[in-house]
Amino acid sequence: MDAGVSVSRALSDKLYDKRKAGALELESVIRNALADGNHDKIARVVHQLCHDYAYAVHQPHARNGGLIGLAAAAIALGAEVARYLKEIVPPVLACFSDQDARVRYYACESMYNIAKVAKGEILLYFNDVFDALCKLAADTELSVKNGAELLDRLVKDIVSESAATYASILSPESAIAGSEPNSPGRSVEISTAFSLPRFIPLLQERIHVLNPFTRTFLVSWITLLDSIPDLELVAYLPSFLGGLLKFLSDANQDVHTTTKVALDRFLTEIKKIALVKKGLAESRKSREDKDRKASGSTDPVAAGSPKSDHVENGEAEDGPEQTTTQQGPQTPQNGQAGSPTADGDSTYTGSEDGEKDADGSEDEWIPGQDVQIDYQRILEILVTFLAESNEEEVQMTALKWIETFLDICPEDILLFTPRLLAQLLPALSHDVDHVKQAANRVNQALMAYIMSLPEDPAKPSPNAEQAQIATQVPPIQQPGPGSTPTLPTIRSLAQSNGESRRDSAPLVKPLRKPTSPEPNEPLSRMAQVQTPEPPSGEQPELESKAHTDLDYEAAVNALTLQFLHEHEATRVAALAWLIMLHRKSPRKILAIQDATFPALLKTLSDPAEAVVTRDLLLLSQISRSSDDGYFTSFMVNLLKLFTTDRRLLESRGNLIIRQLCLSLSPEKIYRTMADCLERDSDDDLEFASIMVQNLNNNLITAPELQDLRKRLRNLDSRDGQTFFTVLFKAWCVNAVATFSLCLLAQAYEQAYNLLQIFAELEMTVNMLIQIDKLVQLLESPVFTYLRMQLLEPERFPHLYKCLYGLLMLLPQSSAFAALKNRLNSVSAIGYLHIAPRNAPATPSSVSTFERQNRLRSKEGAGEASIKWTELLDKFRNTQERVRRSLQRQLTGQHDGLDDRSSTPELQKKLAVPFSGAERGAAGVGGRPGSAQSLGRPSPQPLVVGGHAKGKSSLGRLGGVAGGFGARKGGKK
């Protein structure tokens, strides 16, 4: 070795003290050579240390000696070490991966001494040093780990001081870069020793490690780099955000805590940057408006592009000086080359701008104004993790960020709305309350924003305008309620804490190719693209673009899939979204309704009443906004659903009908269903009878149909007559329902004629139960008018016949006693006023039937009225078909025997004598061949439901919930 044989022998010794003594002697030799200017000798010594010692893999003592010798050489060289780092650093880095723990430790010690001397020059090798430290952070040897921590702290100090501004003294491009003011991003990126764009790929590679110590190491470096002014690590956040989110699920508490703090810092920084850009856009817009108004009265042309060109040119001229001003105070005091110091010119420019502008700070650089954040890439990562991760903390963080982005850049979230809804709605049913609450906040904010978008940019819909007034989400959070932030306020917010200080962002610009040479060009671009409120001249175009970005078909498909979710809250939320989307854009929803309509019908079978209610509301909305063909199709498909799903008819039939009547026209619903039932009743008479019974129950008892009942009581109008006729023809399939319809319409003579046909029919248990229930309904408030009419027998003579006829049909039961008591209370009045059979007709004895056949029409006396005789014939023929159908079932000619009138359960419940003779004695029709003896002294009374009047139940009849009329007053 050129340094001497003794030094060579000492560096190869197995004792550390001798190696140290040899290193000290080597340091003296190099100092002397440096003093003599003998760089060739120094180069030879360094070369021998590297290749003969540090790379001696099979000689651990020589390798250790080489490491300590390289450190001694670096110390001796001092500031001149920069020209030799290219040879010194690689062998030391190679020793970091040696199998011997002592070699790894001495490598840490050697690099520590080298970095301490080289300072900013070591940043040229930052990636290599960082990669080595990343591996050593998980080293199993404690001494190596401690040595790596010391080296890590030193490198962090160097990066904190010099990373943003230090330019290597060996960089040949430094002088050239300084002479190119038109490319500031490129010049600064080349002249600095540390390059964030070169480091990010390495960070992307290492961010997926699993070792908790390495994860802690990475988070500490990310936090440090984010706190350095001028680096703007947040602009590269999408490159490593996914790895940080994975760290949140680490079992190590230190990793979890430090990662959460780092993510919170990034989110806070993003919000401040958005606020700065928002304020700058508002300020620039206000300034341009003032200039336009000031110049508009004298020179209309001056308010156009020439003025804006002047402003842009002014910014381009002042930009480099302002950047220089901000960089000057940040320059480290060790006097590295390439640091700008032009403070005086910048001060003069700022004061001059103060004289030109009203607030004195329009053109002043504000930290964060030219930082570009890729919100869409970040949202892509957040939505992906929300879908794939089951970790509570990851979901909470993703929801928190999305909620913030809804304030900052809601237009970017529109692109992800279908995917987001697929994950957001299930989170509404999360087991953890705070996750559920976070999902609910995001859901409400997203829904409010979409509602605030106009349906048509030229003509906003009324719903959108109402939503804008009531639930509009502001793009960003303002410093004060209803106030636009001023530039001084923005600066104070941006500089509120040390980690948010930003002097310039030269290292961000290489990410995107500059479109103009002005330094302030990114600001103008962000003011037009990134800010939620663009200038007034471009407002309609941007609104239209943001609105059309929402993929309605994908959103509807994602929402429809949520109908299958196990939790009620998710299904309810999905329907609420569909209702909102339909209210906002009915034409777009109608265009894709064919695929969703079957799912909506199937959802009517949902066990949750809240889901069924919203489903019906959505179907009603679609029907209102569609033509009559769609409404008819909806009613037909609903009846088909009831046909195939009798349990749905039993459990939800009344609810579905009443909810539809709340949202749509009740008369239209009943007309359409009646037409369908009359047309298709021959296919399934049993279902038609049950459906008519259900519809009739609601017609009599439902509060939602009160107006419809009033219309039926007035048959003087042509519409009322037509409506009654339509219902009567469909109701004929159910005898008791037809009779009750006539009572409701006050067609008492027609009702009495129906009773006469009843006598010819075979009285089944089902019919008797319906009559029993009708008697109870006669005591309800719905038929108060009928009971009052009993006091006027001269006006309503057939009403008495109807009620006495019912009494004759009923066996002696609680219903029989109730009706008998009612009639006995007015029997004296009835006997007093009933006219003799052969007495001539007087005005007081004119029947209701006759009066209704003399309906006066405003259009002419010759107009046709209700054809009562034809309706009676229709009823008789329909009942005959019902009888034949029942007979075929009893004789076994058809499958699916369902003789509900003779089941043992109903026989036992009703305690009805089934022999023909006993039925004859009781006035009840029966099935031939009963086992009851003809000699039984007296029939047993019909005890409906096994309890007193007013509480009989028809729950067993053909899937009809609540039986004839449900409860008194109607079941909601």
Side-chain angles (χ1 to χ4, degrees), residues 263-264 267-268 270-275 278 373 375-376 378-387 394-430 432-455 460-461 463-479 481-482 530-533 542-543 546-547 549-552 554-556 558-559 562 569-570 572-585:
L263 287 171
D264 289 342
L267 186 58
T268 302
I270 290 173
K271 288 192 287 187
K272 290 182 178 180
I273 291 172
L275 183 60
K278 172 72 173 179
I373 298 174
Y375 293 110
Q376 292 191 9
I378 296 177
L379 284 168
E380 174 76 27
I381 296 170
L382 294 175
V383 174
T384 301
F385 271 85
L386 193 61
V394 175
Q395 291 185 336
M396 272 296 301
T397 303
L399 290 171
K400 180 181 178 181
W401 279 61
I402 293 173
E403 182 182 5
T404 303
F405 281 18
L406 277 169
D407 289 340
I408 297 174
C409 55
E411 65 280 356
D412 290 324
I413 295 183
L414 280 180
L415 298 174
F416 301 93
T417 297
R419 291 175 53 196
L420 179 59
L421 288 175
Q423 310 307 324
L424 182 63
L425 299 189
L428 295 174
S429 306
H430 202 278
V432 182
D433 286 339
H434 59 273
V435 176
K436 187 188 306 181
Q437 294 170 3
N440 188 48
R441 289 194 301 270
V442 174
N443 183 58
Q444 292 178 355
L446 182 58
M447 186 177 291
Y449 172 70
I450 292 180
M451 279 298 294
S452 68
L453 294 174
E455 167 64 16
S461 64
N463 290 332
E465 293 176 356
Q466 294 174 4
Q468 275 185 324
I469 297 174
T471 60
Q472 186 175 18
V473 181
I476 60 172
Q477 195 162 6
Q478 304 290 351
Q530 294 291 339
T531 53
E533 295 184 8
L542 288 181
E543 283 185 353
H547 174 58
D549 280 343
L550 177 60
D551 189 345
Y552 276 83
V556 170
L559 293 169
Q562 299 306 315
T570 297
V572 170
L575 286 167
W577 264 95
L578 287 173
I579 292 171
M580 183 273 291
L581 291 176
H582 183 266
R583 286 177 180 172
K584 173 176 170 42
S585 302

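These numbers were taken from a predicted model, which means no experiment stands behind them.
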Atom [atom1] in [X], atom [atom2] in [Y]: separation rounded to 0.5 Å?
| X | Y | atom1 | atom2 | result |
| --- | --- | --- | --- | --- |
| Met451 | Leu453 | CE | CG | 10.0 Å |
| Lys272 | Leu267 | NZ | CG | 11.5 Å |
| Leu581 | Tyr552 | CG | OH | 6.0 Å |
| Trp577 | Leu424 | CH2 | CG | 8.0 Å |
| Asn440 | Asp433 | CG | CG | 11.5 Å |
| Leu575 | Thr570 | CG | OG1 | 11.0 Å |

With a 4.5 Å cut-off on side-chain heavy atoms, are [Y] and [X] touching?
| X | Y | value |
| --- | --- | --- |
| Glu403 | Gln444 | no |
| Leu420 | Leu382 | no |
| Ile373 | Ile408 | no |
| Leu446 | Leu421 | yes |
| Ile270 | Thr404 | no |

- Kindly determine whether Leu386 and Arg419 satisfy side-chain contact (heavy atoms from CB on, under 4.5 Å), including the steps that lead there. CA-CA 10 Å; Leu386 193 61; Arg419 291 175 53 196; over 6 Å; no
What heavy-atom pair brings [X] and [Y] nearest, and what distance separates the two atoms?
| X | Y | answer |
| --- | --- | --- |
| Gln562 | Ala422 | NE2-O, 3.6 Å |
| Gln376 | Asp412 | NE2-OD1, 3.3 Å |
| Val442 | Leu406 | O-CD1, 3.8 Å |
| Glu380 | Phe416 | OE1-CE2, 3.1 Å |
| Ala569 | Leu428 | CB-O, 4.3 Å |

- Query: Do Ser429 side-chain atoms and Leu425 backbone N/O form a donor-acceptor pair below 3.5 Å?
  - Reply: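 No.
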- Message: Between Lys400 and Asp264 (side chain of the first, backbone of the second, donor and acceptor by atom type, cut-off under 3.5 Å), is there such a pair?
- Response: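 Not a single qualifying donor-acceptor pair exists.
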- Item | Intermediate values then yes/no, side-chain contact (heavy atoms from CB on, under 4.5 Å), Ile413 and Phe405 | CA-CA 8 Å; Ile413 295 183; Phe405 281 18; 3.9 Å; yes
- Can you list the steps and then say if Leu379 with Leu415 is a side-chain contact (heavy atoms from CB on, under 4.5 Å)? CA-CA 10 Å; Leu379 284 168; Leu415 298 174; over 6 Å; no
